[in-house]
Amino acid sequence: MPELPEVETIRRTIGPLVVGRTVVAVDVRRRDLRRKVAPSFEASLLGRVIVSADRRAKYLLLRLDDGLAWIVHLGMSGRLLRLAAGAANDGARHEHVVVTLDDGASVVFRDPRRFGLMEIADPLGTPLLAGIGPEPLDRARFTGEYLAGLRSRTRRSIKDVLMDQHVVAGLGNIYVNEILFLSRIRPTRRMARLSRAECETIVLATREIIEEAIEHRGTSVSDFLDAIGRPGSYQWRRRVYDREGEPCSACGHPIRARTIAQRSSFFCGRCQH
DNA sequence: GTAAACCTGGCA
DNA sequence: TGCCAGGTTTAC
């Protein structure tokens, strides 16, 4: 489900509802997520005050009053939702972790596929966040010069490179497809064969797409909902993702689909070179 | 590099 | 029944 804009949307919706609250109960119903939830998880979270809600790449960081953070990755199908005190939640499945706060509300981690993960750790020390590339909206670090510097000795496609979290943080399949369409560059193009100007174009397109997607509170192509159950609206602005056969918004040529870097990819064969 | 793995649900 | 899905990791 979630790439950077969706995680950012979760952060913005859940932050004001949990910051300042104390954790009064922690219920881990299933530990076997993508990585096993540590035995110390409950004790590390219980009694702590949530002091801020931050995001790094696709990770949500709920910082605690002891300097550690409750770090959550939503994987493909994960959701973090806030249930008000006494809210009916009958028959809900796949709710693997429930954290109750001192106002009676709870934060629920629901993840049918269990590709998500969570831990309590120092964000500066955890291997989870080590080596992640610059945030795409960081104008100082994610630049055309930076991208151009990655061109030498790699045979990787630009799509593969942009989805690599070590290169740039938080981009996934939907937004990389959109970014390359806006850049007019085919997802199959070899990184090494991009011009410096094309690297600049990609950086600008990334910023534009990601800012626009955050403004629209993410993409709900099947089931993404924010922490209070609202869908995003970026799916109505998509130009290529999951639009195989539909006319290109720029030239009318049908959008093509093929697998690139192990993921379904969509592009206009006329506009993108 | 690419393929398969993790796991469940939805849809043709 | 089979294929696909917003992600990441591991193994040829």
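In what follows, chains are A, B, ... by sequence order, proteins preceding strands, each numbered from 1.
Put simply, Arg34(A) has no side-chain N or O that comes within less than 4.0 Å of OP1 or OP2 on dA5(B). A sub-4.0 Å separation between OP1 or OP2 of dA5(C) and a side-chain N or O of Ser264(A) is present. Between His94(A) and dC7(B) there is no side-chain polar atom (N or O) within less than 4.0 angstrom of OP1 or OP2. Contact check, Arg113(A) against dG7(C): no side-chain N or O comes under 4.0 Å of OP1 or OP2.
Side-chain contact check for Leu180(A) versus Leu162(A): some heavy-atom pair is nearer than 4.5 Å. Phe224(A) has its side chain out of reach of Gln235(A): every pair of non-hydrogen atoms, C-beta onward, lies at least 4.5 Å apart.
If you take atom P in dC3(C) and the same atom in dA3(B), they sit 15 Å apart, rounded to whole Å.
Remark: DNA chain B takes part in the stems B:1-6 with C:7-12, B:8-12 with C:1-5, each of 3 or more antiparallel Watson-Crick or G-U pairs, criterion distances under 3.5 Å.
By the side-chain hydrogen bond (donor to acceptor under 3.5 Å, both in side chains) test, Arg55(A) is found to be paired with Glu8(A), Glu135(A), residues two or more places apart in sequence or in another chain being considered.
The side chain of Pro112(A) lies closest to dG9(B), out of dG9(B), dA3(B), dT9(C). Considering only the side chain of Gln262(A), dA3(B) comes nearest among dA3(B), dG7(C), dA5(C). Checking dA4(B), dG1(B), dG7(C) against every side-chain atom of Arg155(A), the shortest atom distance belongs to dG1(B).
When each of Ile210(A), Val203(A), Leu204(A) is tested with Thr206(A) by the rule side-chain contact (heavy atoms from CB on, under 4.5 Å), just one qualifies, namely Ile210(A).
Atom-to-atom, CG of Leu74(A) to P of dT8(B) comes out at 18 Å; the value is rounded to the nearest Å. Rounded to whole angstrom, the span from the CD1 atom of Ile132(A) across to the P atom of dT9(C) amounts to 9 Å. Atom CG in Leu60(A) sits roughly 16 Å away from atom P in dG7(C) (whole-Å rounding). If you measure from atom CZ of Arg110(A) to atom P of dG9(B), you get 12 Å, rounded to the nearest angstrom.
When only modelled atom types and interatomic distance are considered, Ser265(A) and Lys159(A) share a side-chain donor-acceptor pair under 3.5 Å.
Residues Leu147(A) and Phe142(A) come closest through the heavy atom pair CD1-CE1, 4.3 Å.
A salt bridge does not link Arg239(A) to Glu178(A): none of the charged nitrogens lies less than 4.0 Å from a carboxylate oxygen. At a threshold of 4.0 Å, the pair Glu212(A)-Arg237(A) counts as salt-bridged, since one of the basic side-chain nitrogens sits closer than that to a carboxylate oxygen.
The stretch residues 114-131 of chain A touches DNA chain B through Arg114(A), Phe115(A), each having a heavy atom within less than 4.0 Å of the strand.
Residue Arg156(A) is in sugar-phosphate contact alone, with no base atom involved, counting any heavy-atom pair closer than 4.0 Å across all strands shown. Nucleic acid contact class of Gln165(A) (heavy atoms, under 4.0 Å, all strands): sugar-phosphate only. Contacts of Tyr175(A) with the nucleic acid, taken as non-hydrogen atoms under 4.0 Å apart, are absent.
For the pair Tyr241(A) and Arg35(A), both in contact range of DNA chain C, the more 5′-proximal nearest nucleotide belongs to Tyr241(A).
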